[in-house]
There are 2 protein chains.
Amino acid sequence: MMHEFEIYLRAYINLNGGDLDRIWALAVPKAVRRNEFLLREGDICRHKTFVMNGLLRTFGKTADGNEHILQFSPEHSWTLDAESYDHQQPSSYNIAAIENSEVLLWSKADFDGLLADIPELKSLAEQLISRNIYSGRRRLLTALSATPEEKYHEFVQSFPGLLARLPLHMIASYLGISIKTLTRIRQAQLRR
Amino acid sequence: MMHEFEIYLRAYINLNGGDLDRIWALAVPKAVRRNEFLLREGDICRHKTFVMNGLLRTFGKTADGNEHILQFSPEHSWTLDAESYDHQQPSSYNIAAIENSEVLLWSKADFDGLLADIPELKSLAEQLISRNIYSGRRRLLTALSATPEEKYHEFVQSFPGLLARLPLHMIASYLGISIKTLTRIRQAQLRR
DNA sequence: CGGAAAAAAGGTCATTTGACCATATTTTCG
DNA sequence: CGAAAATATGGTCAAATGACCTTTTTTCCG
């Protein structure tokens, strides 16, 4: 089980064995079943989460009860609500498993310690944050400017591997379009 | 001119005089005239930018030539294209002045040096990045889920001071709706 | 395996939205 | 100041979209 995570880490940073062991020693493995929540809005996000395998989603709810997916987190990605985690305050978002998944959890206290002591890890964290900002910008521009069809194509291009693992209504939710519109787009594709 | 910037900095972090002087000494003041570009897509974003006064906008262009505003940067805020700046690679975005503005510029080399030497500044930078992520999430959720009317109200609530300084078509561009729709919303308000 | 639940697709219709155009008003700047 | 540009508003219309509902298909899980 270490194996997976070790491969991931080593792909990004050079760590000596001791640091790796320490990071690993503080990680709490957890199995999350399909549809189980890792975080519910109103709760405080207490952990950094690394997805070893499976697939999670982060979503917000609107007043009328609709769900809108902000992010998919497949294997070898991280997830949390940063605002809730950083300030240990109630979250506005939900994180739930789409597939049965295995994750690693670190408490904020533990992870802060690791970040302080292991510069390579700190640098990885900063890289992840940066990429988060870059992709967030692109996503926003798409949300503002693209037609539903363009959004769908961009999604397929960007996450070819996720397409087959997601129910369509979640893709629609992620794109901010109705499932009806998504179905129409896909039908139009077929007829070509 | 230092004054403005000093007030800003001191509001967020405690700096000894020497550090403040050093930050200031490396800053290049620049006046940007209305409609002038600070960054054009395709160019490399070479500076961190602090807006002393005035108002800038960051926007992307779609294939059909439409502009979509990602961010307004009024006085006492920072702006750049992080992706272009971090990797010194061509940008996909544009930054231009809406009002005549005065900004401070730091080259990446200089600012990296400051960040490395002044932990307080580093901590401020991290705070800014975090807030960027938080607000980006909220903005995305709004873009995905809100009606044009809700988007407009949220904008007015969030940036009451900007409303009077912006042409409506820029607000529409920021919200991802047509100016026609925005006009309709505002007319409906009046009639109540 | 089989029944129940979830997901996808299809039909219909009202509404919203944007495109296009013209016009009035304001602002800019030489 | 005054011409030109920018901005805001208004009208009209077609198209896209979502809401609601039903039917079919697939998936899940005991």
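Computed from heavy atoms alone, side chains included, the values below leave out hydrogens, waters and symmetry copies.
Within the cation-pi definition used here (under 6.0 Å to the ring centroid, within 45° of the axis), Arg57(A) does not qualify as a partner of Tyr174(A). Judged by the 6.0 Å and 45° rule, Arg137(B) forms no cation-pi pair with Tyr134(B).
Note on the helix from dC1(C)-dG30(D) to dG30(C)-dC1(D): terminal axis deviation equals 70°, with five pairs used at each end and the result rounded to 10°.
Along DNA chain C, the nucleotide nearest Asn66(B) and the nucleotide nearest Leu166(A) are compared for position; the residue whose nucleotide lies closer to the 5' end is Leu166(A).
One hydrophobic cluster, built from ILVMFWY side chains closer than 4.5 Å, cannot hold both Ile95(A) and Phe159(A); they sit in different ones.
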For nucleotides 11-17 of chain D, list the nitrogen or oxygen atoms of the protein found under 3.5 Å from its nitrogen or oxygen atoms, one pair per line.
from: dG11(D); atom 1: N7; to: Lys180(B); atom 2: NZ; distance (Å): 2.7
from: dG11(D); atom 1: O6; to: Lys180(B); atom 2: NZ; distance (Å): 2.9

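Atom CZ in Arg186(A) sits about 6 Å away from atom P in dA9(C), given to the nearest Å. When rounded to the nearest whole Å, the span between CZ of Arg34(B) and C1' of dT7(D) equals 11 Å. Rounding to whole angstrom units, CG of residue Leu163(B) and C1' of dT7(D) are separated by 15 Å. Nucleotide dA7(C) holds its C1' atom 14 Å from the CD1 atom of Ile98(A), rounded to whole Å.
Note that CZ of Arg165(A) is 9.0 Å distant from CD1 of Ile98(A), once rounded to the nearest 0.5 Å.
For His169(B) and dA6(D), the shortest distance from a side-chain N or O to OP1 or OP2 is not below 4.0 Å.
The minimum heavy-atom distance linking Ala172(A) with Leu182(A) is given by the pair N-CD2, 3.7 Å.
In this structure, of dT9(D), dA9(C), dT7(D), it is dA9(C) that holds the atom nearest to the side chain of Leu168(A).
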